[in-house]
Amino acid sequence: MKKILFLACAFFVTQTTWGQEIDWGVRAGAIFGGPIPTNVSPDSSDGTPGWGPSLAVWASYALTPKLKVRAELGYSYKAADYSLLIRTDTSVTLELLPGIVDTVPSFYFADVNGSLGLHYLELPIFIQYETFPRLHLNAGINLGYLLAGSDDGTADIQIGEGGIFEDTLTTFANFPDELQRFDLGVLLGSSYTFDFGLELEIRGYRSLTGLYRKGFFDSQGLPGNQNFNTQVFLGAGWRF
């Protein structure tokens, strides 16, 4: 968090110091997407990407007539719904015969359904290259810090088959303990700026850091799995 605050301060100090040498403006729009898992099974997992607002102030500095570096300080809301069926081996204690109790191998199913909504403070830093007049290709990185949010749902647990044990319905709340606060990713997109200052933009974002803490999916019976924020931004801005 200290690094992000330091970069944010540097962003505005630089903007003030360079004065007329740098362009600045605002942007707003919507993002669409959600966390995509590394291991996807069509038979056992599903998800519904969500929409959320994204807005920022920005400043850009021209390195050459066609090449600019741009930094933003913004906010994004990332949401999604998901479902997952987990099967994990376990053992249960049963009375095999009257007076004979033993532990036998079994398994359990967990039918998980949840939704998340996450509020991020973000600092995108990227290069803008003008390919045609006023049309730019944008590529860079995005630093994010998870400010607040929720990741809640239910898990319907069934042990074994045949109804030996009653199903158990439990609730869970993964935020904040199971989610990583810092997020680092890459962005790629394009923007067009009109002479009078209006800018239209599309960009894609893919996280390089997992959404959940290391070891979380191992503890849930999904070893080696991880989710990565993946979103598309559509919006407009204004250059002052």
Side-chain angles (χ1 to χ4, degrees), residues 1-8 11 27-41 45-56 58 69-84 112 114-128 137-153 172-191 201-220 222-235:
M1 182 61 180
K2 292 181 179 180
K3 292 181 179 179
I4 289 183
L5 292 177
F6 171 78
L7 291 172
F11 167 75
R27 67 158 177 83
I31 57 174
F32 177 74
I36 296 180
T38 53
N39 299 324
V40 179
S41 172
S45 62
D46 193 14
T48 303
W51 291 91
S54 178
L55 49 94
W58 59 264
V69 60
R70 174 159 152 173
E72 301 180 351
L73 180 63
Y75 159 82
S76 291
Y77 178 76
K78 301 177 181 181
D81 297 323
Y82 59 88
S83 62
L84 183 66
V112 179
S115 62
L116 57 85
L118 307 175
H119 304 268
Y120 281 93
L121 173 69
E122 295 186 318
L123 182 64
I125 303 173
F126 55 95
I127 294 293
Q128 293 186 298
L137 292 179
N138 307 323
I141 63 172
N142 185 83
L143 305 173
Y145 181 78
L146 181 56
L147 297 170
S150 62
D151 181 4
D152 304 330
F172 62 86
N174 291 325
F175 181 86
D177 295 335
E178 307 297 351
L179 277 71
Q180 297 202 71
R181 287 288 189 172
F182 288 95
D183 183 66
L184 171 65
V186 294
L187 64 88
L188 181 66
S190 179
S191 58
E201 182 183 2
I202 179 173
R203 73 173 68 164
Y205 171 77
R206 170 72 172 187
S207 177
L208 300 176
T209 55
L211 178 62
Y212 294 92
R213 65 168 178 81
K214 185 177 181 180
F216 170 73
F217 284 102
D218 293 345
S219 67
Q220 304 301 311
L222 298 170
N225 199 39
Q226 185 54 274
N227 285 15
F228 295 92
N229 275 321
T230 308
Q231 281 89 18
V232 175
F233 167 81
L234 296 170

So, do D151 and Y82 sit near enough that their side-chain heavy atoms are less than 4.5 Å apart? yes
Nearest-0.5 Å distance, CG of residue L123 to OH of residue Y145: 15.0 Å
Do R27 and S54 make a side-chain contact, defined as non-hydrogen atoms from C-beta onward lying under 4.5 Å apart? yes
Roughly how far, to the nearest 0.5 Å, is CD1 of I125 from CD1 of I141? 5.0 Å
With rounding to the nearest 0.5 angstrom, report the CG to CG distance, N174 to D152. 8.0 Å
Contact check, side chains of L184 and L143, non-hydrogen atoms, under 4.5 Å: yes
Closest approach of F126 and A139, non-hydrogen atoms and distance? CB-O, 3.2 Å
Nearest 0.5 Å, what's the OH-CZ distance between Y120 and R181? 10.0 Å
What residue among L121, N142, L118, I31 forms side chain to side chain contact (heavy atoms under 4.5 Å, CB included) with S76? I31
Taking the six-membered ring for Trp and the full ring for Phe, Tyr or His, determine whether the centres of F217 and Y212 are under 6.0 Å apart. yes
Does P35 reach the side chain of L116, with side-chain heavy atoms less than 4.5 Å apart? yes
Quick one: are L208 and V186 in side-chain contact, heavy atoms under 4.5 Å? yes
Which residue in the set Q226, Q180, E178 passes side chain to side chain donor-acceptor pair (under 3.5 Å) when paired with R213? E178
As an exercise, state the distance from CG of L211 to CG of D183, rounded to the nearest 0.5 Å. 8.0 Å
Do the non-hydrogen side-chain atoms of Y205 and N229 ever get within less than 4.5 Å of each other? yes
CD/E122 to NZ/K78 distance, rounded to the nearest 0.5 angstrom? 4.0 Å
Looking only at non-hydrogen atoms, find the nearest pair between T209 and F228 and report the distance. O-CD2, 3.6 Å
Are R70 and N138 close enough that some pair of their side-chain heavy atoms sits under 4.5 Å apart? no
Taking every heavy atom of F32 against every heavy atom of P49, the minimum-distance pair comes out as CZ-CB, 3.6 Å
Side chains of R203 and S191, donor plus acceptor under 3.5 Å: no
